[in-house]
Amino acid sequence: MYNLNIPNSDKDVITIYLINLVAIIIGILSGTFSIIGFAYSYKLNVANIFINVRKVNAIYGDSIKVVIGLTNESSNGIEITDLKLFQNGKQIKDNGYYYQKENDTYAKKYSISKYLFNTSSLTAPKGSEEYEIHSNSDNFNGTRLLSKVGITTYYSYWINKDQVPDTLKITANKRLRLFSKTKRYSIF
């Protein structure tokens with residue numbers, strides 16, 4: 001009635017075992033490759049941001065400007081949702097430095113009239129005044145998109161000289177680390 005295909009020789013038994021062994025090896029290899037593919041795609045989806053940070057000293061007053069350049073090195077765009085500067089775990093805010101106000105304060109302090117002659121030429125290196133006049137802070141406000149093209153986006157903060165940050169904390173809409181959308185960078 002029923003044909004159960006019972007092997008009738010040792011040769012048939014060995015053939016069945018070899019077929020089963022090949023099926024097990026193929027199953028293990030396909031499982032291994034699927035795990036490797038999953039790990040690769042998971043790692044590929046971690047965003048990568050290159051940061052460039054520099055300081056610019058103010059001509060007048062005790063301030064420095066921290067300029068932060070962010071470049072997206074990932075294949076997709078990244079939305080930056082938060083950017084903060086820290087010194088020893090304490091957040092640092094912009095101090096509101098303004099060149100013209102500091103220049104006027106300097107002129108009044110030393111009783112020099114800016115109408116008689118230009119006071120900035122006494123202390124300012126050539127070309128630095130022009131840079132600083134047009135150098136208001138460009139703080140991070142709200143959400144910004146870093147395009148996938150690799151264009152650098154700059155942010156800047158005027159801070160007191162005694163508050164030089166040691167950490168930059170960036171939060172994004174995509175993972176910046178294996179399991180986190182927030183990443184801390186050591187600077188200066």
Side-chain angles (χ1 to χ4, degrees), residues 42-110 114 119-188:
Y42 193 77
K43 184 175 178 358
L44 188 66
N45 286 328
V46 174
N48 190 15
I49 298 175
F50 176 76
I51 64 163
N52 179 16
V53 182
R54 69 177 193 265
K55 296 186 284 187
V56 177
N57 290 322
I59 296 172
Y60 304 111
D62 291 332
S63 294
I64 60 170
K65 184 177 187 180
V66 177
V67 181
I68 304 161
L70 302 177
T71 306
N72 180 9
E73 294 183 335
S74 304
S75 58
N76 296 324
I78 302 171
E79 192 174 293
I80 303 296
T81 57
D82 196 17
L83 184 139
K84 293 180 182 175
L85 294 170
F86 291 94
Q87 180 191 40
N88 299 327
K90 182 181 174 190
Q91 185 178 351
I92 299 172
K93 304 257 184 178
D94 192 281
N95 69 4
Y97 176 86
Y98 181 61
Y99 171 80
Q100 195 59 48
K101 178 182 167 192
E102 294 295 329
N103 184 18
D104 293 344
T105 303
Y106 179 81
K108 288 177 187 175
K109 180 177 178 182
Y110 294 103
K114 67 178 182 178
T119 59
S120 62
S121 63
L122 298 175
T123 59
K126 187 169 178 78
S128 64
E129 177 186 357
E130 183 68 26
Y131 174 75
E132 193 172 341
I133 288 173
H134 302 292
S135 182
N136 296 332
S137 294
D138 184 18
N139 297 341
F140 179 83
N141 295 318
T143 302
R144 293 243 183 122
L145 179 69
L146 292 180
S147 65
K148 63 182 178 181
V149 184
I151 297 171
T152 303
T153 304
Y154 291 98
Y155 303 101
S156 59
Y157 294 84
W158 281 105
I159 59 175
N160 297 330
K161 283 187 178 180
D162 61 341
Q163 293 182 329
V164 176
D166 56 12
T167 306
L168 171 67
K169 179 181 170 185
I170 298 175
T171 306
N173 67 335
K174 295 183 180 178
R175 291 178 295 117
L176 297 175
R177 299 178 68 193
L178 194 56
F179 297 110
S180 177
K181 293 182 179 182
T182 300
K183 188 170 183 180
R184 292 179 182 261
Y185 297 89
S186 294
I187 55 176
F188 301 122

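Any value given below was found using the heavy atoms of this structure, including those in side chains, with hydrogens, waters and symmetry copies removed.
Between atom CD1 of residue I68 and atom CD1 of residue I51 there is a gap of 8.0 Å, rounded to the nearest 0.5 Å. The structure places CD1 of I78 at 6.0 Å from CD1 of I80, a figure rounded to the nearest 0.5 Å. In this structure, OG1 in T71 is found 6.5 Å from OH in Y154, a value given to the nearest 0.5 Å. Annotation: the span from L168 atom CG to K183 atom NZ amounts to 11.0 Å, rounded to 0.5 Å.
A donor-acceptor pair shorter than 3.5 Å cannot be found between the side chains of N76 and S74.
Residues I92 and Y157 fail the side-chain proximity criterion, which asks for heavy atoms closer than 4.5 Å. The shortest side-chain heavy-atom distance between V164 and I187 does not fall under the 4.5 Å cut-off. Proximity of I159 to P165: side-chain heavy atoms (C-beta onward) are separated by under 4.5 Å at one or more points. Side-chain contact between I64 and V56 is absent, with no heavy-atom pair separated by less than 4.5 Å. Between F50 and L70, every side-chain heavy-atom pair lies at or beyond the 4.5 Å cut-off.
Here side-chain hydrogen bond (donor to acceptor under 3.5 Å, both in side chains) pairs that include residues 86-95, with residues two or more places apart or in two chains, are S63-N95, D94-S137, N95-N160. Applying the side-chain hydrogen bond (donor to acceptor under 3.5 Å, both in side chains) rule to pairs touching residues 161-181 yields T171-T182, sequence neighbours excluded.
Applying the side chain to side chain donor-acceptor pair (under 3.5 Å) criterion to E73, with sequence neighbours excluded, gives N48.
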Pairs under 3.5 angstrom only: tabulate donor-acceptor contacts from the side chains of residues 138-146 to other protein residues two or more places apart or in another chain.
none

